[in-house]
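Data first, discussion second: the structure below is written as structure tokens.
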Amino acid sequence: MLSLATGISASDAAMTRRIGLLGGTFDPVHYGHLRGALEVRDCLDLDEVRLIPSARPPHRDQPGATAQQRLAMVRLAVGEHSGRHGGLVVDDRELQRNKPSYTVETLESLRGELGNTVTLFMILGWDAFCGLPAWHRWEELLQLASLVVLQRPEQDQDLPEVLKDLLAARSINDPRQANAQHGQILCLSQTPLAISATHIRALLAGGQSPRFLLPDAVLDYIETNGLYRP
Ligand code: ATP
């Protein structure tokens, strides 16, 4: 894993638009997501990172909050309405589709809209990367975007053999080489934040406060709407 401190300079970056994509259930969004998105943006000199809430996540239990509530929390988290979003933006395209949120279809939709010259980086935590072979049409993902895999402090999953082979074939070691429009894999270690939505939901269900693990505006929304209570 490379340190995010060894970022590329603006002059090294390709002249094409460089966009990061962080999909997730965001049930709820927390500082692990936000800090990771921001550090990848700075390390790879991205124009923006889009946070893309999943409407109906196909690979997991149904979320504790509705899609609209999770979207509202992501909007609050990035401060979209205050103008202090720091290059993080919210993309709600998966909520516009009336079917499961397959990432490959999201990438196809983004390519259709943004064209083939933009450089797309799909950001994944280590746990999500380890589960990739179960994703719908997963082998096509690298034809549409490059992958940025973030270390998580609590990560304990072993990498499936097929992903070891993929890493051997596709990984690059230096963020300065991350210039292909798609097809590369870069493993990065962000500032370790052992925060998960599961833990936050468990704290709330147990009557404890998750304050300082997620933005205050998100916690206020959770409390106002009575989310994640037993
Ligand atoms: P849950 O605990 O409900 O599974 P989560 O905290 O893992 O949720 P997701 O919305 O499932 O959050 O995560 C979206 C993406 O962000 C995934 O790729 C995940 O690996 C990554 N991610 C989540 N938390 C962190 C963290 N603390 N550090 C690095 N990556 C993270």
Side-chain angles (χ1 to χ4, degrees), residues 1-4 20-44 49-78 88 90-92 94-95 100-104 106-107 120-136 138 141 145-160 163 185-206 210 212-215 218-219 222 227-228:
M1 295 269 178
L2 286 170
S3 164
L4 283 166
L21 309 166
L22 176 61
T25 313
F26 303 121
D27 189 29
V29 62
H30 54 69
Y31 283 133
H33 301 128
L34 298 166
R35 188 67 210 165
L38 193 68
E39 291 190 14
V40 172
R41 185 207 65 173
D42 288 348
C43 177
L44 295 179
V49 176
R50 297 188 181 200
L51 277 68
I52 311 177
S54 167
R56 284 199 262 154
H59 304 289
R60 52 178 289 156
D61 295 340
Q62 285 311 299
T66 67
Q68 288 299 338
Q69 288 170 330
R70 292 181 288 106
L71 172 65
M73 290 189 279
V74 177
R75 288 199 198 287
L76 288 168
V78 303
L88 306 190
V90 185
D91 186 318
D92 66 356
E94 293 195 358
L95 274 71
S101 307
Y102 292 121
T103 300
V104 67
T106 301
L107 293 180
L120 294 180
F121 296 97
M122 186 176 122
I123 305 165
L124 291 165
W126 177 259
D127 56 315
F129 180 62
C130 289
L132 208 62
W135 291 21
H136 182 57
W138 74 275
L141 295 171
S146 287
L147 302 186
V148 177
V149 183
L150 293 178
Q151 197 176 26
R152 285 184 76 160
E154 70 276 33
Q155 70 190 33
D156 52 7
Q157 291 94 331
D158 287 330
L159 199 60
L163 292 183
I185 305 179
L186 179 65
C187 294
L188 295 174
S189 62
Q190 69 173 102
T191 301
L193 292 169
I195 303 173
S196 71
T198 302
H199 181 54
I200 291 170
R201 293 193 301 274
L203 287 172
L204 287 159
F212 309 130
L213 299 176
L214 71 178
V218 176
L219 182 55
I222 289 170
L227 299 180
Y228 311 120

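Counting convention: from 1, in listed order, for ligands and their atoms alike. What's counted below: heavy atoms across the whole structure, side chains too, no hydrogens, waters or symmetry copies.
Listed by number with element, the atoms of ligand 1 under 4.0 angstrom from any heavy atom of F26 are 10 (O). Less than 4.0 angstrom separates some heavy atom of D127 from each of these atoms of ligand 1: 19 (C), 20 (O). Listed by number with element, the atoms of ligand 1 under 4.0 Å from a non-hydrogen atom of R201 are 3 (O). Close approach to T198 involves these atoms of ligand 1, each under 4.0 Å from a residue heavy atom: 1 (P), 2 (O), 3 (O), 4 (O). Counting the atoms of ligand 1 from 1 in the order shown, those under 4.0 Å from a heavy atom of G24 are 10 (O), 14 (C). For ligand 1, the atoms sitting less than 4.0 Å from at least one non-hydrogen atom of L193 are 26 (C), 27 (N), numbered in the order shown with element in parentheses. Less than 4.0 angstrom separates some heavy atom of G32 from each of these atoms of ligand 1: 26 (C), 27 (N). Contact atoms of ligand 1 toward G23: 14 (C), 15 (C) (distance under 4.0 Å to a heavy atom of the residue).
On a distance-only criterion, H30 and ligand 1 share at least one N/O pair closer than 3.5 Å. For the pair Q151 and ligand 1, the shortest N or O to N or O distance does not fall below 3.5 Å. Residue-to-ligand polar distances keep A194 apart from ligand 1: every N/O pair is separated by 3.5 Å or more. Note: no N/O pair closer than 3.5 Å links L22 and ligand 1 by distance alone.
Taking the side chain as every heavy atom from C-beta outward, I222 and Y228 approach each other to under 4.5 Å. For the pair V90/R75, a side-chain contact is recorded, criterion being any heavy-atom separation below 4.5 Å from C-beta on. When side chains are defined from C-beta on, L21 counts as touching L107, because their heavy atoms get closer than 4.5 Å. In this structure the side chain of V49 never reaches within 4.5 angstrom of the side chain of L38, judged on heavy atoms.
Not a single heavy atom of D27 sits closer than 4.0 Å to an atom of ligand 1.
Below 30°, between 30° and 60°, or above 60°: for F129 and W126 the angle between ring planes is between 30° and 60°, a tilted geometry. Classified by interplanar angle (parallel below 30°, tilted 30° to 60°, perpendicular above 60°), the ring pair H136/Y102 is tilted.
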Would D91 and T106 satisfy side chain to side chain contact (heavy atoms under 4.5 Å, CB included), going step by step from the backbone distance to the final call?
CA-CA 10 Å; D91 186 318; T106 301; over 6 Å; no
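Heavy atoms only, all atoms of each residue included: E94 and S101 are closest at OE1-CB, 2.9 Å.
With a 4.0 Å cut-off on non-hydrogen atoms, H199 does not touch ligand 1 at all.
Checked against L132 for a side-chain contact (heavy atoms from CB on, under 4.5 Å), the options L159, L147, V149 give a single hit: L147.
In this structure a side-chain-to-backbone donor-acceptor pair under 3.5 Å is present from R201 to D27.
Between the choices A128, P192, A197, the shortest heavy-atom distance to atom 6 (O) of ligand 1 belongs to A197.
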